[in-house]
Chemist: 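Dropping a structure here in structure tokens format, bear with me for questions.
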Amino acid sequence: MHMHRMRVKIHHEGTNIIISLLVILLLVNVPLWVWGRPIGWAIASTVVSAVFYFLVVNFFRSPRRFFPGDRKNAVVSAADGTVVALEETFEDEYLHCRCMQLSVFMSVLNVHANWFPVDGEVVYSRHHSGRFMAAYLPKSSTENERSTVVIRTPEGQEVLMRQVAGAMARRIVTYARPGHEASIEDHMGFIKFGSRVDLYLPLGTEIFVNIGDKTTGGVTCVGRLRPQAD
């Protein structure tokens, strides 16, 4: 098996924020160095500004990833983070059946780009307004600001992916639209500043992760769909 390759760049969702923040920090710090007294203030402000700017740039990093395994029936993590939910539940927005829910929580230190979890075709996409509770709470999946996307695999199985805003996340960006081709190596969307992603998988899906496991979006194979009978 070959090692997966990663190329990192800044996500376009963060370009304006990063440029604006740089201008603001320069306007704050340059005068301190030119006119400020004592010099310790300028040093402290510059250090704090540099650390803050690095964290924001780090948040908006956008790696290009390549799945190294067998793609047939593979379910790949849609996000970087920690598995916080893995349970059988009833999905009542689109699938209207019992499914296996697999949820990954993203901290502010994780990459916040989201990947398609399976190859196939987007058949449903809808944004819902809602609350901004902590994303790790179970009720956040149905009560928080969220966006739901359903992908139909080449074998005809449907996988539902839900982007859920958290207490800090105030904007969900979803690129997927019905009719779009879905690829596990492509970004499905982006969530700004702390959130989670839920996957609703058919019962019988083989699961490869447990609660507390760390995942890498577009790379970690979290499960494999059961092949459909001919």
Chemist: For the residue pair Gln163 / Thr174, report whether a side-chain donor-acceptor contact shorter than 3.5 Å exists.
Modeler: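 Per modelled atom types, Thr174 and Gln163 side chains form a pair under 3.5 Å.
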Chemist: Stepwise, does the side chain to side chain contact (heavy atoms under 4.5 Å, CB included) test hold for Val118 with Arg71?
Modeler: CA-CA 8 Å; Val118 293; Arg71 298 169 70 117; over 6 Å; no
Chemist: Going from CZ on Phe67 to OG on Ser77, what distance comes out if it is rounded to the nearest 0.5 angstrom?
Modeler: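 These two atoms lie 11.0 Å from each other.
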Chemist: Where do Phe116 and Ala182 come nearest, in terms of heavy atoms and distance?
Modeler: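 Heavy atoms only, the tightest pair is CD2-CB, 3.5 Å.
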Chemist: Between Ser107 and Asn110, what is the shortest heavy-atom contact and its length?
Modeler: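 Of all heavy-atom pairs spanning Ser107 and Asn110, the closest is N-OD1, 2.8 Å.
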Chemist: Are Arg177 and Val122 close enough that some pair of their side-chain heavy atoms sits under 4.5 Å apart?
Modeler: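 No - every pair of side-chain heavy atoms lies 4.5 Å or more apart.
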Chemist: Keeping Asp213 on the side-chain end and Val209 on the backbone end, is there a donor-acceptor pair under 3.5 Å?
Modeler: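 Checked: no pair found.
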Chemist: Between Asp70 and Ala74, which heavy-atom pair has the shortest distance, and what is it?
Modeler: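 Closest approach of Asp70 to Ala74, heavy atoms only: O-CB, 3.4 Å.
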Chemist: For the pair Thr82 (side chain) and Phe105 (backbone), establish whether a donor and an acceptor sit closer than 3.5 Å, ignoring hydrogens and angles.
Modeler: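 No: the side chain of Thr82 does not pair with the backbone of Phe105.
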Chemist: Picking from Ile24, Val23, Val30, what satisfies side chain to side chain contact (heavy atoms under 4.5 Å, CB included) with Leu27?
Modeler: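 Single pass found, and it is Val23.
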Chemist: With side chains defined as the heavy atoms from C-beta onward, is the minimum distance between Val222 and Leu102 less than 4.5 Å?
Modeler: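 Touching, per the 4.5 Å side-chain cut-off.
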Chemist: Say whether Leu201 and Ile211 are linked into one hydrophobic cluster, either directly or through other cluster members, by side-chain heavy-atom distances under 4.5 angstrom.
Modeler: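 Shared cluster, yes.
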Chemist: Roughly how far apart are Ile172 CD1 and Ser147 OG, rounded to 0.5 Å?
Modeler: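 Rounded to the nearest 0.5 Å, the CD1-OG separation comes to 6.0 Å.
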Chemist: Does a side-chain N-to-carboxylate-O contact under 4.0 Å join Arg224 and Glu206?
Modeler: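 No, this pair does not count.
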Chemist: Quick one: does His96's side chain have a donor or acceptor within less than 3.5 Å of a partner on Asp92's backbone?
Modeler: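 Yes.
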Chemist: Please round to the nearest 0.5 Å and tell me the distance separating atom CD1 of Ile151 and atom CE of Met161.
Modeler: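 Rounded to the nearest 0.5 Å, the CD1-CE separation comes out at 7.0 Å.
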Chemist: Given Pro117, which partner from the list Leu199, Ile184, Val197 fulfils the side chain to side chain contact (heavy atoms under 4.5 Å, CB included) test?
Modeler: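 Output: one option passes, namely Leu199.
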Chemist: Indicate whether any N or O donor in one side chain lies under 3.5 Å from an N or O acceptor in the other, for Glu91 and Thr89.
Modeler: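 No.
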Chemist: When Thr153 is tested against each of Leu225, Val75, Asp119, Asn73 for side chain to side chain contact (heavy atoms under 4.5 Å, CB included), which residue passes?
Modeler: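 The side chain to side chain contact (heavy atoms under 4.5 Å, CB included) with Thr153 is passed solely by Leu225 among Leu225, Val75, Asp119, Asn73.
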Chemist: Determine, using the 4.5 Å side-chain heavy-atom cutoff (strictly less than), whether Phe208 and Val83 are members of one ILVMFWY cluster.
Modeler: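 No, it is not one cluster - the side chains of Phe208 and Val83 are not joined through contacts under 4.5 Å.
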Chemist: Is any side-chain N of the basic residue among Arg146 and Glu93 closer than 4.0 Å to the acidic one's carboxylate O?
Modeler: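 Judged by the 4.0 Å cut-off on N to carboxylate O distance, Arg146 and Glu93 do not form a salt bridge.
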Chemist: Does Arg226 come within less than 4.0 Å of Glu155, counting only side-chain N to carboxylate O?
Modeler: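 Between Glu155 and Arg226 there is no salt bridge, as every charged N stays at least 4.0 Å from the carboxylate O atoms.
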Chemist: If the plane angle is over 60° it's perpendicular, under 30° parallel, otherwise tilted; pick one for Trp115 and His187.
Modeler: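 If you compare the ring of Trp115 with that of His187, the planes turn out perpendicular.
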Chemist: Taking Thr216 for the side chain and Thr220 for the main chain, is one N or O donor matched with an acceptor at less than 3.5 Å?
Modeler: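 Pair absent, no side-chain N/O of Thr216 close to backbone of Thr220.
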Chemist: Do Gln101 and Arg162 have side-chain heavy atoms sitting under 4.5 Å apart?
Modeler: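 No. Closest side-chain heavy atoms not under 4.5 Å.
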Chemist: Less than 4.5 Å apart, side chain to side chain, heavy atoms only: is that true for Tyr94 and Glu158?
Modeler: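 Yes. Closest side-chain heavy atoms under 4.5 Å.
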Chemist: Output the distance between atom SG (Cys97) and atom OH (Tyr200), rounded to the nearest 0.5 Å.
Modeler: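 Going from the SG atom of Cys97 to the OH atom of Tyr200 covers 11.5 Å.
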Chemist: Hey, mind stepping through Val149 and Ser125 against side chain to side chain contact (heavy atoms under 4.5 Å, CB included) and telling me if it holds?
Modeler: CA-CA 4 Å; Val149 170; Ser125 178; 3.9 Å; yes
Chemist: Under a 4.0 Å threshold between the charged nitrogen and the carboxylate oxygen, would Arg152 count as salt-bridged to Glu121?
Modeler: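 Not counted as a salt bridge, because no side-chain N and carboxylate O are separated by less than 4.0 Å.
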Chemist: Side chains of Arg126 and Thr148: is there a donor and an acceptor less than 3.5 Å apart?
Modeler: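 Their side chains do not contain a donor-acceptor pair, so the 3.5 Å distance test is not met.
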Chemist: Tell me whether Val104 is reachable from Ile207 by hopping between hydrophobic residues (I, L, V, M, F, W, Y) whose side-chain heavy atoms are closer than 4.5 Å.
Modeler: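 Yes; tracing contacts between hydrophobic side chains, which count when under 4.5 Å, links both residues.
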